[in-house]
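Everything below concerns the one structure shown next.
This structure is a prediction, so every number in the text was calculated from the model and none was measured.
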Amino acid sequence: MDTDVIVVGAGPTGLLLAGDLATAGARVTVLEKRPAGLSNLTRAFAVHARSLEVLDARGLADELLTRGQRVESLRLFQHLTVDLANLPSRFKFVLVTPQYEVERLLRRRADKAGVTFRHDTEVTALSQDADGVTVTTADGAGLRARYLVGTDGARSTVRGAVGIPFPGRAVIRSMVLADVRLDRQPPDLLTVAAANDSLGFLAPFGDGWYRFIGWHGNRDVGEDEPVDLDEVRAIARATLHDDFGMSETRFLSRFHADERQAPTYRAGRVLLAGDAAHVHSPAGGLGMNTGMQDAANLGWKLAAALRLPDDAADAVLDTYQAERHPVGRQVLRTSGGILRAATLPGPLVAAVRRGVVGLVSRVAPVRRRAALTVSALGVAYPAPRGAHPLVGTRARDLPLEGGSRLAEALRAGRFVLVAPAAAPAPDLPVAPGEVDPADRVVVRRTDGGATGLLVRPDGYVAGAAAGA
């Protein structure tokens with residue numbers, strides 16, 4: 001084997017996964033067809049609370065917070081405000097920041113962990129056998145690894161090479177995307193509005209630039225049709241009732257939004273994550289976030305699979321599909337629901353939309369559920385029958401001995417056993433061939449409760465018990 005794992009694609013999903021694997025001791029090679037240093041300025045821009053927790057558990061969140069704008073509420077359809085200030089998290093907001101800032105931090109971490117990068121390298125074919133995966137690149141070179149993960153986007157070469165279908169359809173066409181400067185500041189930091197059979201979204205980057213995404217239902221043209229500032233202004237006036245003096249632009253583009261999901265995220269020794277596994281509309285800003293959370297779930301499992309016999313490795317990797325495929329399906333429903341609520345035309349639909357918005361705005365549990373859904377803090381994984389109620393849920397960032405937090409303990413990339421302060425010292429069993437159980441488990445104490453927790457490397461509860 002040339003390496004343990006090949007990751008195809010150096011976006012946020014691939015970078016986070018590669019860094020996790022290398023931190024766990026795996027040899028990792030990332031193949032990326034983009035030239036080194038090419039910015040992803042025009043892509044994602046919102047980092048939700050759960051993704052910030054994932055980055056916090058890797059020591060990156062605090063630095064990222066200095067590179068963006070915190071938004072504590074989302075305003076939808078003029079009348080509904082989703083308040084994030086009460087989220088059960090250290091991060092009670094969504095951070096608006098360009099994707100390249102996220103990539104910069106993840107790339108630095110991956111480099112430090114020893115990941116090998118090959119830019120200007122396009123995968124053209126791959127094959128697999130019982131022992132590993134062989135990749136062929138456009139320059140005719142070959143590379144062999146025990147596993148391969150495709151994080152190469154919606155048009156994934158990896159997904160096509162292993163024959164995994166990508167069913168779905170385009171749900172909205174001829175959307176425009178623009179980064180603009182404004183002469184007048186909008187009244188709301190982050191706004192989604194629908195009016196006059198059009199959709200508009202405006203969010204600040206925090207550096208004087210704003211991201212605008214818009215759609216006009218009566219204009220259906222090809223993606224190659226140029227976008228000009230007049231068109232952007234017209235959609236803004238139709239939806240937001242003001243173009244806020246849009247002037248200078250640094251990017252203009254037209255695109256369509258698909259809803260697609262691979263039926264399986266794994267074919268033998270090849271796995272999919274991020275947009276290679278699922279794509280959806282930009283509504284809710286969930287794409288990059290879901291991909292990074294895929295990577296956090298897969299990374300520790302794949303690192304474990306490298307150390308296990310094949311049958312045990314298969315059992316571990318099967319849980320990636322079992323846990324993340326339903327999450328991807330729910331994200332498609334959430335983003336699709338927001339999009340349809342905003343874009344379906346007609347006065348009757350508008351009246352229904354106003355009624356639903358009014359109902360949601362008055363019912364506190366519904367508003368809370370909406371905030372947990374968009375932030376991904378409400379994601380939980382299936383637990384065995386009879387398990388403790390906390391098993392499968394996201395672990396709270398508990399205060400630990402010495403003034404530290406659970407997120408800091410997770411930075412070791414291992415399981416964390418959180419013992420109540422009054423509990424006896426845990427006696428960790430030694431596995432066959434193992435010198436020190438600390439290679440697997442970090443033990444910490446907390447005054448934050450009477451329940452002992454075994455927390456997975458991705459921050460979800462693997463086991464819980466009263467006291468011990």
Side-chain angles (χ1 to χ4, degrees), residues 16 19-26 50 52-61 88-90 113 293 295-308 312-313 315-317 319-320 322-324 377 379-468:
L16 193 148
D20 282 4
L21 288 166
T23 299
R50 179 58 195 151
L52 288 168
E53 291 182 344
V54 167
L55 295 172
D56 192 20
R58 288 150 182 83
L60 303 175
S89 173
R90 182 184 177 216
Q293 292 156 33
N297 183 286
L298 177 59
W300 69 270
K301 296 175 180 179
L302 193 50
L306 292 168
R307 302 190 298 267
L308 293 170
V316 170
L317 294 178
T319 68
Y320 171 62
E323 292 183 346
R324 293 304 299 175
L377 295 177
V379 170
Y381 298 136
R385 181 175 297 178
H388 190 283
L390 291 176
V391 172
T393 66
R394 162 188 149 270
R396 294 184 297 115
D397 189 15
L398 295 169
L400 303 181
E401 57 189 354
S404 64
R405 300 177 289 115
L406 175 59
E408 294 170 314
L410 287 168
R411 291 172 189 174
R414 299 194 287 275
F415 280 75
V416 178
L417 180 61
V418 181
D427 182 17
L428 297 179
V430 178
E434 186 177 50
V435 176
D436 186 356
D439 290 341
R440 291 179 291 123
V441 182
V442 176
V443 180
R444 294 288 185 270
R445 290 187 176 276
T446 179
D447 294 325
T451 301
L453 299 176
L454 182 63
V455 182
R456 303 180 344 181
D458 61 352
Y460 281 81
V461 177

Closest heavy-atom pair and its distance - G463, V391:
CA-CG2, 3.9 Å
Do R58 side-chain atoms and V54 backbone N/O form a donor-acceptor pair below 3.5 Å?
yes
Between R396 and E53, is the closest basic N to carboxylate O distance under 4.0 Å?
no
Heavy-atom closest pair (V442 atom, A412 atom, distance to 0.1 Å) is CG2-CB, 4.1 Å
Testing the basics here: between G299 and L21, what is the closest heavy-atom pair and its distance to 0.1 Å?
O-CD2, 3.5 Å
Of all heavy-atom pairs between A26 and L306, which one has the smallest distance, and what is that distance?
CB-CD1, 3.6 Å
Would Y320 and N297 count as a side chain to side chain contact (heavy atoms under 4.5 Å, CB included) if you check the C-alpha gap in whole Å, the side-chain angles of each, and the deciding distance to 0.1 Å?
CA-CA 7 Å; Y320 171 62; N297 183 286; 3.4 Å; yes
d(T393 OG1, H388 NE2) to nearest 0.5 Å is 9.0 Å
Closest approach of R445 and P420, non-hydrogen atoms and distance?
NH1-O, 2.9 Å
Please tell me if the side chains of L454 and V461 come closer than 4.5 Å, counting only heavy atoms from C-beta onward.
no
Heavy-atom side-chain proximity of R414 to R456 below 4.5 angstrom:
no
Minimum heavy-atom distance between R50 and D458, given as atom pair plus value:
NH2-O, 2.8 Å
Any side-chain heavy-atom pair of L453 and L406 under 4.5 Å
no
Relative to each other, are the rings of W300 and F415 parallel, tilted or perpendicular (30° and 60° limits)?
perpendicular
Distance check, rounded to the nearest 0.5 Å: Y381 atom OH versus R324 atom CZ?
4.0 Å
Using a strict threshold of under 4.0 Å (side-chain N to carboxylate O), is an ion pair present between D397 and R405?
yes
Looking at CD of Q293 and CZ of R394, how far apart are the two atoms once the value is rounded to the nearest 0.5 Å?
10.5 Å
How long is the gap from CG on L377 to CG on L52, to the nearest 0.5 Å?
9.5 Å
Would you say that E408 contacts L400 through its side chain, given a criterion of any heavy-atom pair below 4.5 Å between the two side chains?
no
Interatomic spacing from CG in L302 to CG in D20 - rounded to 0.5 Å
10.5 Å
For a quick check under 3.5 Å, do T446 and E401 share a side-chain donor-acceptor pair by atom type?
no
